[in-house]
**Q** 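Would you mind keeping the following structure in view while I ask a few things?
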Amino acid sequence: MSQEVIDQIVKYLTPQVPITPISQGAEAVVFLTNVHPYDIGRSYPDAKYIIKYRPPKKYRHPSIDRALTKHRTLSESRILAKLSQIPELHVPRLIACDPYNGCIWIEYLGENLPNNCGFSNLKNYLWMNADDPYNADVEKTLVKVGQQIGQLHWQDYCHGDLTTSNVVLSRRGGEWEPFLIDFGLGSASTLVEDKGVDLYVLERAIISTHSRFADKYNMWIMQGFKDVFGQHGKVGDKKLKDTLKRFEEVRLRGRKRSMLG
Amino acid sequence: MLTHSIPQFQGFQIKAAYFEDVKNGELLRQQVASMPFAMIDAACICSLEQLFCAVHKALLEYTYNRLRTKNLNSECILSLSPTSNIGEAFKRFGIKETTTNIICLAITEGKESGVIEGTEHVLFQGVEGEEIELSDGTLGSRADVEIIKKVRLNRAT
Ligand SMILES: Nc1ncnc2c1ncn2[C@@H]1O[C@H](COP(=O)(O)O)[C@@H](O)[C@H]1O
């Protein structure tokens, strides 16, 4: 991560907000801090908050860059705020948003998996279970992952980048609860195309990293996905049928064309 | 009175207090515009998190964009609102003539323009009510959950 980006954010946050970088993407840098942006009572040594920062891009005209950053930061924040209000959906809570500086604060989720298996996203969790790939815990977790995606789609939202790193598992009362993170490409959408692409992207992610177990894993995910629509009678059945049909079409032609159109 | 500061905005001092059984709501309502602090209808506030979230937002607007209301104090009232409609925000989160539980909130910048040392107790002097501790306990037990739900759900749809 470039020193320049770090210097910018440190200057912006002031020394009152110490940060540790944890991830760098094409568009955003993610930091960890123990300081809550405004509620002193929630800042303590072991507290954890995520700061997602979209640094200015030098190759863009400054005013265009500011407008784009503002737009994307607001868009991600709005979608997180909306989704947090849906009881069935698990997403990190939005804590604060500064669209002028491209900065959002979000609830930290997850933990470090035992035996150095890394952060508790779905990808690392599946690796951790590779010795006993079809155990009941894995099945339960994957069905729940499918339910989360089902809920998201049922509410007419799409994720836009549904990889196994963007599903974070949080332990709640001895069970893993999947949370969807990173709504940077998320949108409100009634289009079956967007939903079909979401499902396809996740299916590909499972196949490419856990190929030997992928059939069963994808089946469990789809089982959870279908559960959600099954709870909504005829309307649910119809929507499910349309979505699955498009998923099939997306799979047949590959993801490419959808990315162009 | 509660003194608070926002990590990113150390140059600002935030003072807030909770007044119960306020007797002169009608008079205060007429004077809202000239008071050096914001008066918030406490029924709409259920936690310190909610209150200071608005303060943080107001400071962000002030520092990096522009205020949409007269000053930082009134901006906090706007920032409490899920919509950007100023009139609606004041009607909802500001005090009414009948309001008896009031949160007073004052943001001051720097030492100079701030409250003069030792005069904190007179800051919210005009409010004729009983000051009780401004805490999550106080807010949580006295908030009107139905109003808060209504404001929140209106936005979700
Ligand atoms: N709410 C969160 N809780 C924990 N880790 C997160 C959170 N958001 C982002 N991360 C981490 O930062 C990485 C990049 O975030 P993102 O740019 O939102 O995809 C993720 O893959 C996670 O490892």
Side-chain angles (χ1 to χ4, degrees), chain A residues 8-19 31 33-44 47 49 51 53 56 63 66-67 69-70 73-74 77-89 91 93-107 155-157 188, chain B residues 1-16 45-68 72 75-76 79-84 105 107 110 133-140 148-157:
Chain A
Q8 280 162 6
I9 183 109
V10 167
K11 178 159 177 265
Y12 165 72
L13 289 172
T14 81
Q16 302 293 320
V17 186
I19 48 167
F31 300 89
T33 181
N34 70 311
V35 175
H36 191 283
Y38 46 81
D39 195 350
I40 298 170
R42 288 172 203 246
S43 300
Y44 46 90
Y49 302 100
I51 296 177
Y53 174 54
S63 65
R66 264 195 303 277
T69 297
K70 182 176 165 193
T73 307
L74 274 177
S77 302
R78 287 202 177 109
I79 198 164
L80 268 185
K82 289 259 181 193
L83 297 179
S84 303
Q85 298 201 347
I86 301 170
E88 296 83 5
L89 258 178
V91 298
R93 280 190 60 192
L94 176 72
I95 299 170
C97 167
D98 175 358
Y100 315 112
N101 293 284
C103 210
I104 57 180
W105 304 58
I106 341 175
E107 175 190 9
Q155 305 282 345
D156 281 330
Y157 285 93
Chain B
M1 183 157 57
L2 189 73
T3 303
H4 193 89
S5 74
I6 302 281
Q8 246 180 294
F9 299 103
Q10 291 292 302
F12 296 83
Q13 267 200 359
I14 301 140
K15 306 262 184 204
I45 308 295
C46 63
S47 67
L48 292 174
E49 180 185 10
Q50 184 193 359
L51 187 66
F52 293 126
C53 181
V55 172
H56 182 244
K57 177 149 193 289
L59 285 169
L60 284 172
E61 293 297 333
Y62 178 71
T63 311
Y64 299 110
N65 191 37
R66 74 183 78 87
L67 293 183
R68 291 158 297 169
L72 263 175
E75 193 74 11
C76 288
S79 296
L80 280 167
S81 177
T83 75
S84 55
L105 175 73
I107 305 182
E133 188 196 13
L134 176 57
S135 64
D136 278 328
T138 300
L139 294 170
I148 293 174
K149 266 194 196 151
K150 202 175 127 202
V151 173
R152 205 179 99 120
L153 294 180
N154 275 348
R155 197 207 171 186
T157 51

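Below, each value reflects all heavy atoms present in this structure, side chains not excepted, and no hydrogens, waters or symmetry copies. Note on naming: letters A, B, ... go to the chains in the order of the sequence lines (proteins, then strands), and numbering restarts at 1 for each one.
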**Q** Inspect the surroundings of CZ in Arg68(B) and state if more than 12 heavy atoms from other residues, nucleotides or ligands are less than 6.0 Å away.
**A**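 Count over threshold, so yes.
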**Q** Quick check on the interface: out of Gln10(B), Gln8(B), His56(B), Lys57(B), who has the most heavy-atom pairs with chain A under 4.5 Å?
**A**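 Most pairs with chain A among the choices: Gln8(B).
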**Q** Which heavy atom in Cys103(A) sits nearest to a heavy atom in Ile51(A), and how many Å separate them?
**A**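 What the structure gives for the nearest pair is SG-CG2, 3.5 Å.
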**Q** Quick one: which of Ser47(B), Cys53(B), Ser5(B) has the most heavy-atom pairs under 4.5 Å with chain A, could you say?
**A**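 Most heavy-atom pairs within the cutoff with chain A belong to Cys53(B).
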**Q** Between Thr138(B) (side chain) and Glu133(B) (backbone), is there a donor-acceptor pair under 3.5 Å?
**A**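 Between the backbone of Glu133(B) and the side chain of Thr138(B) there is a qualifying donor-acceptor contact (under 3.5 Å).
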**Q** Can you tell me which of Ile95(A), Asn101(A), Val35(A) forms the most heavy-atom pairs within a distance under 4.5 Å of chain B?
**A**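 Looking at each of Ile95(A), Asn101(A), Val35(A) in turn, Asn101(A) comes out on top.
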**Q** Looking at Ile6(B), Leu48(B), Asn65(B), which makes the most heavy-atom pairs under 4.5 Å with chain A?
**A**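 The candidate making the most pairs under 4.5 Å is Asn65(B).
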**Q** At a 4.5 Å cut-off on heavy atoms, which part of Tyr38(A) comes close to chain B: side chain, backbone, both, or neither?
**A**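 Both backbone and side chain.
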**Q** Within a strict 4.5 Å, meaning less than it, do heavy atoms of the Ile14(B) and Phe52(B) side chains meet?
**A**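 They are in contact (side-chain heavy atoms under 4.5 Å apart), so the answer is yes.
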**Q** Counting only non-hydrogen atoms closer than 4.5 Å, does Ile86(A) touch chain B with its backbone (N, CA, C, O), its side chain (CB onward), both, or neither?
**A**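 For Ile86(A), no heavy atom lies under 4.5 Å from chain B.
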**Q** Mind checking whether Tyr12(A) and Tyr100(A) have ring centres under 6.0 Å apart?
**A**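 No - the distance between ring centres of Tyr12(A) and Tyr100(A) does not fall below the 6.0 Å cut-off.
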